[in-house]
Enquirer: 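Below is the structure I would like to discuss, written out as structure tokens.
Chain naming here is simple, since letters A, B, ... match the order of the sequence lines and numbering starts at 1 in each.
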Amino acid sequence: LGIHFDHIWQKTLTVLNPMKPADGSIMNETDLTGPILFCVALGATLLLAGKVQFGYVYGLSAIGCLVIHALLNLMSSSGVSYGCVASVLGYCLLPMVILSGCAMFFSLQGTFGIVSSLVIIGWCSLSASKIFISALDMEGQQLLVAYPCALLYGLFALLTIF
Amino acid sequence: MHPAGLAAAAGTPRLPSKRRIPVSQPGMADPHQLFDDTSSAQSRGYGAQRAPGDLSYPAASATPQAAFLADPVSNMAMAYGSSLAAQGKELVDKNIDRFIPVTKLKYYFAVDTMYVGRKLGLLFFPYLHQDWEVQYQQDTPVAPRFDVNAPDLYIPAMAFITYVLVAGLALGTQDRFSPDLLGLQASSALAWLTLEVLAILLSLYLVTVNTDLTTIDLVAFLGYKYVGMIGGVLMGLLFGKIGYYLVLGWCCVSIFVFMIRTLRLKILAEAAAEGVPVREARNQLRMYLTMAVAAAQPLLMYWLTFHLVR
């Protein structure tokens, strides 16, 4: 099937630790297995929390991937393929799955919920921008890449909270 | 996701291939010619071969020839799928290049964090900045990374998207939110931007000004006001109308000064560069044009945000 579980695990570990600098070669093969798994997990946790919003999740991820793909192609010196962008963004959706898992147990609309979603959004976008920077060799642009990713994950968080 | 989806569809048996038979029929009269077509490995004949191969699959265990066919057919499926994906990508790339000048746009996105920070500071406080001239390097302007005066498209694009999202947030707090309203807001802001660009291009043409102000430069300059609009709306959400008016007023004045100082160099530079014999009326007309463009910015900033803050 071509699914290498150790690669998936390695990429997941990279996402889970946003402070450690990433290896540039991990994105050489683009696999969509992990991202699709995380998307389905997000939809499942949203369902368990009582919100049937699969359409919004998939639509938002497709449009967001497209926009970030266009932006990264314009900003980096070497181009990037759509599959690579989709793969990275899907992997960095993992903390969002954790957030929506928490939403099952307690409502996120209080202060604690808002603060924790801001932290999770920051975590997701920092990991995504870290992987993009190391894979595409862009210097001095991490915050610039993190900002659109933060907007995208912010929309996901809005879906989770409301 | 489109090419991946197509490749997946090509890999699944029966249903897509049954629909494909009528399409690829012209070359293939007899679907039973599948043995000959396997060796030529043409993608045209793929559809006609695939269906008989699948229809005979239940009998594959009985006939060794059909079993042998299963492997090349699935290989051909993958080859077809990947070639279709590659063709699709080529088509998209070719057409994108016709409509959007990608290499020219890349210049406007060659930014880094320092530049963005300094430019945002300049947009909110342009009063102390002395030198507004863009540096040139062998006839081409340097990338925005190296000169804070150069226009870029990253800030306007991000500011526009953030403005649409903040507008959605503001409408949400007033309980007037729905996803189509977001789309409406986005398209109306885009329409105003297009109108502005066209109006300024028309007036530049009528005044017969020779400037090196390209359309993309103009879009970049006109997109800077969205930063002030976002600031105003956010302050309005946090502190009510007073905060909104204060911040919006400050941003309006800043954008006015910023536009005047930037456009003066672009529109009036030719006049100054021509030397002494400058026709007074023409120079005045250019000055009025610059003032009009700069004055339109605060007006639009107020027009596009006042309904968001109650």
Enquirer: Quick check: closest heavy atoms across A/Leu74 and B/Leu105, and the distance to 0.1 Å?
Expert: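 Distance-wise, the nearest heavy atoms are CD2-CB, 3.8 Å.
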Enquirer: Is there side-chain contact between B/Thr162 and A/Tyr147, with at least one heavy-atom pair below 4.5 Å?
Expert: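 Touching, per the 4.5 Å side-chain cut-off.
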Enquirer: Under 3.5 Å, side chain of B/Tyr154 to main-chain N/O of A/Leu71, donor-acceptor pair present?
Expert: no
Enquirer: Which heavy atom in B/Lys106 sits nearest to a heavy atom in A/Ser76, and how many Å separate them?
Expert: NZ-O, 3.4 Å
Enquirer: To the nearest 0.5 Å, how far apart are OH in B/Tyr115 and CG in A/Leu144?
Expert: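 CG of A/Leu144 is found 11.0 Å from OH of B/Tyr115.
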Enquirer: Is the backbone of B/Val111 close enough, under 3.5 Å, to the side chain of A/Gln141 for a donor and an acceptor to pair up by distance?
Expert: yes
Enquirer: With rounding to the nearest 0.5 angstrom, report the CE to CG distance, A/Met75 to B/Asp112.
Expert: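 Going from CE on A/Met75 over to CG on B/Asp112, the span is 9.0 Å.
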